[in-house]
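Everything numeric here is computed off the predicted structure, so don't read it as measured data.
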Amino acid sequence: TEITAANGDKVLSKVLPDVGKVFKLEVLLDQRSDNLFVELVGNMEQMGDWNPNVKEVKILQKIGQETMVTHEVSGPTPGNVVGPRDFVSVRCAKRRGSTCFLAGMSTQHPTMPEQRGVVRAENGPTCIVMRPSADDPNKTKFTWLLSIDLKGWIPKTIINKVLSQTQVDFANHLRQRMADNSVPMEMAPAC
């Protein structure tokens, strides 16, 4: 399955054995990968400020320099087609040369049991890769592989539409956030 937005952003999906459906967003962002890394890792808890699909991100525990456990709560979907979801994830952020990797997967954490009124969804293996564009090092090739189980009684056609739209929306919200020059960049370690 493939959807392409008017600006050329593309989401592909494929069913993989033992994983299930995986969505792949591929976009070119007009930002250096270092700046994107700072925003997505160093300023992670502010994501709810600029991405309406995210209500809250909270770091529950840091495990060394590159790994942490987070709790995320999703924002409402248009028409509340998919109700509130939350996730507890272990995340790792690494850099190899000029390429940045952000990977995560659902976990459990004693400080964040399941919440009343919110469905605990699960992230399968999920990964974002950011690397400088071959044509322009000030631009970033951004690839996001998303594997997720939203849980609950939702038809697959709706899930597929919501998840692929969420990825396209994320790219647009991130572009808007990065275009805002008031983003504090000194708060996080450089990529």
Side-chain angles (χ1 to χ4, degrees), residues 1-13 21-59 68 70-89 91 93 99-104 118-119 121 123-124 126-133 136 138-148 150 154 158-188 191:
T1 315
E2 178 179 327
I3 65 163
T4 305
N7 65 0
D9 289 358
K10 205 184 290 186
V11 176
L12 307 165
S13 64
K21 192 149 201 171
V22 176
F23 296 84
K24 178 180 173 185
L25 171 76
E26 287 186 307
V27 298
L28 188 63
L29 297 174
D30 198 12
Q31 290 287 330
R32 295 180 60 85
S33 56
D34 302 7
N35 295 344
L36 292 165
F37 186 88
V38 167
E39 183 59 40
L40 296 176
V41 178
N43 298 333
M44 180 185 305
E45 291 185 312
Q46 282 77 52
M47 192 176 294
D49 297 345
W50 55 268
N51 184 350
N53 293 322
V54 175
K55 188 173 177 186
E56 179 185 46
V57 176
K58 184 176 183 198
I59 297 170
M68 65 186 77
T70 61
H71 178 244
E72 308 99 52
V73 181
S74 67
T77 59
N80 209 24
V81 174
V82 177
R85 297 289 190 271
D86 79 338
F87 306 84
V88 174
S89 304
R91 298 176 181 225
T99 302
C100 300
F101 300 91
L102 313 177
V118 180
V119 176
N123 286 315
T126 297
C127 181
I128 292 175
V129 178
M130 298 179 288
R131 64 177 176 259
S133 164
D136 182 349
N138 292 314
K139 294 185 179 189
T140 298
K141 183 174 182 199
F142 185 99
T143 304
W144 178 15
L145 299 176
L146 174 65
S147 167
I148 198 166
L150 291 176
I154 308 168
I158 291 176
I159 289 173
N160 294 344
K161 185 172 174 29
V162 165
L163 292 179
S164 53
Q165 189 61 52
T166 296
Q167 285 189 295
V168 168
D169 290 348
F170 177 84
N172 289 329
H173 296 311
L174 181 58
R175 279 188 184 99
Q176 185 63 46
R177 171 67 167 186
M178 299 308 290
D180 177 2
N181 292 335
S182 67
V183 175
M185 289 298 180
E186 68 282 351
M187 305 258 305
C191 177

Show the numbers, then the answer: is there a side-chain contact (heavy atoms from CB on, under 4.5 Å) between Leu174 and Leu36? CA-CA 9 Å; Leu174 181 58; Leu36 292 165; 3.9 Å; yes
For the residue pair [X] and [Y], what are the closest heavy atoms and their distance?
{"X": "Phe170", "Y": "Met47", "value": "CE1-SD, 4.2 Å"}
{"X": "Ala171", "Y": "Asp9", "value": "CB-OD2, 3.7 Å"}
{"X": "Asn160", "Y": "Ser164", "value": "O-OG, 2.8 Å"}
{"X": "Gln31", "Y": "Ala179", "value": "NE2-N, 4.4 Å"}

For a side-chain contact (heavy atoms from CB on, under 4.5 Å) check, start with the C-alpha distance between Asn123 and Glu72, then their side-chain angles and the critical distance, and finish with the verdict. CA-CA 11 Å; Asn123 286 315; Glu72 308 99 52; 3.9 Å; yes
Donor-acceptor contact below 3.5 Å, side chain [X] vs main chain [Y]:
{"X": "Glu39", "Y": "Met178", "result": "no"}
{"X": "Glu45", "Y": "Ile59", "result": "yes"}
{"X": "Arg85", "Y": "Leu150", "result": "yes"}
{"X": "Ser133", "Y": "Lys139", "result": "no"}

For this session: Run the salt-bridge test on Lys58 and Glu56 with the 4.0 Å N-O cut-off and return the result as yes or no.
Result: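 Here Lys58 does not pair with Glu56 in a salt bridge, since their nearest N and O are not under 4.0 Å apart.
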Decide yes or no for [X] and [Y]: does some side-chain heavy atom of the first lie under 4.5 Å from some side-chain heavy atom of the second?
{"X": "Asp49", "Y": "Asn43", "result": "no"}
{"X": "His173", "Y": "Val54", "result": "no"}
{"X": "Phe87", "Y": "Ile148", "result": "yes"}

From [atom1] ([X]) to [atom2] ([Y]), nearest 0.5 Å:
{"X": "Asn53", "Y": "Gln165", "atom1": "CG", "atom2": "CD", "result": "8.5 Å"}
{"X": "Asn138", "Y": "Ser33", "atom1": "CG", "atom2": "OG", "result": "10.0 Å"}
{"X": "Asn172", "Y": "Gln167", "atom1": "CG", "atom2": "CD", "result": "12.0 Å"}
{"X": "Leu12", "Y": "Glu26", "atom1": "CG", "atom2": "CD", "result": "6.0 Å"}
{"X": "Ile159", "Y": "Lys21", "atom1": "CD1", "atom2": "NZ", "result": "10.0 Å"}

Heavy-atom count around Gln176 CD within 6.0 Å, excluding the residue itself: above 12?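 Open: at most 12 neighbouring heavy atoms sit under 6.0 Å from CD of Gln176.
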Item to check | Given Thr140, Leu29, Asn35, Thr143, the one that forms side chain to side chain contact (heavy atoms under 4.5 Å, CB included) with Met130 | outcome: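 Among the candidates, only Thr140 passes.
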Taking side chain to side chain contact (heavy atoms under 4.5 Å, CB included) as the criterion, tell me which of Gln46, Met44, His71 meets it with Val57.
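The residue from Gln46, Met44, His71 that satisfies side chain to side chain contact (heavy atoms under 4.5 Å, CB included) with Val57 turns out to be Met44.
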Residues that Lys10 engages under salt bridge (Lys or Arg N to Asp or Glu O under 4.0 Å), provided they are two or more places apart
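Lys10 satisfies salt bridge (Lys or Arg N to Asp or Glu O under 4.0 Å) with no other residue.
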Contacts of type salt bridge (Lys or Arg N to Asp or Glu O under 4.0 Å), residue Arg131, not counting sequence neighbours: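 Residues passing salt bridge (Lys or Arg N to Asp or Glu O under 4.0 Å) with Arg131: none at all.
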**Prompt:** Leu146 and Leu25: side-chain contact (heavy atoms from CB on, under 4.5 Å), yes or no, with the steps?
**Reply:** CA-CA 8 Å; Leu146 174 65; Leu25 171 76; over 6 Å; no
- Query: How far apart are the C-alpha atoms of Trp144 and Leu102, what are their side-chain angles, what is the distance that settles it, and do they pass the side-chain contact (heavy atoms from CB on, under 4.5 Å) test?
  - Reply: CA-CA 9 Å; Trp144 178 15; Leu102 313 177; over 6 Å; no
**Request:** Applying side chain to side chain contact (heavy atoms under 4.5 Å, CB included), name anything that partners Val162, two or more places apart in sequence or on another chain.
**Result:**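 So Val162 forms a side chain to side chain contact (heavy atoms under 4.5 Å, CB included) with Thr77, Val82, Ile158, Thr166.
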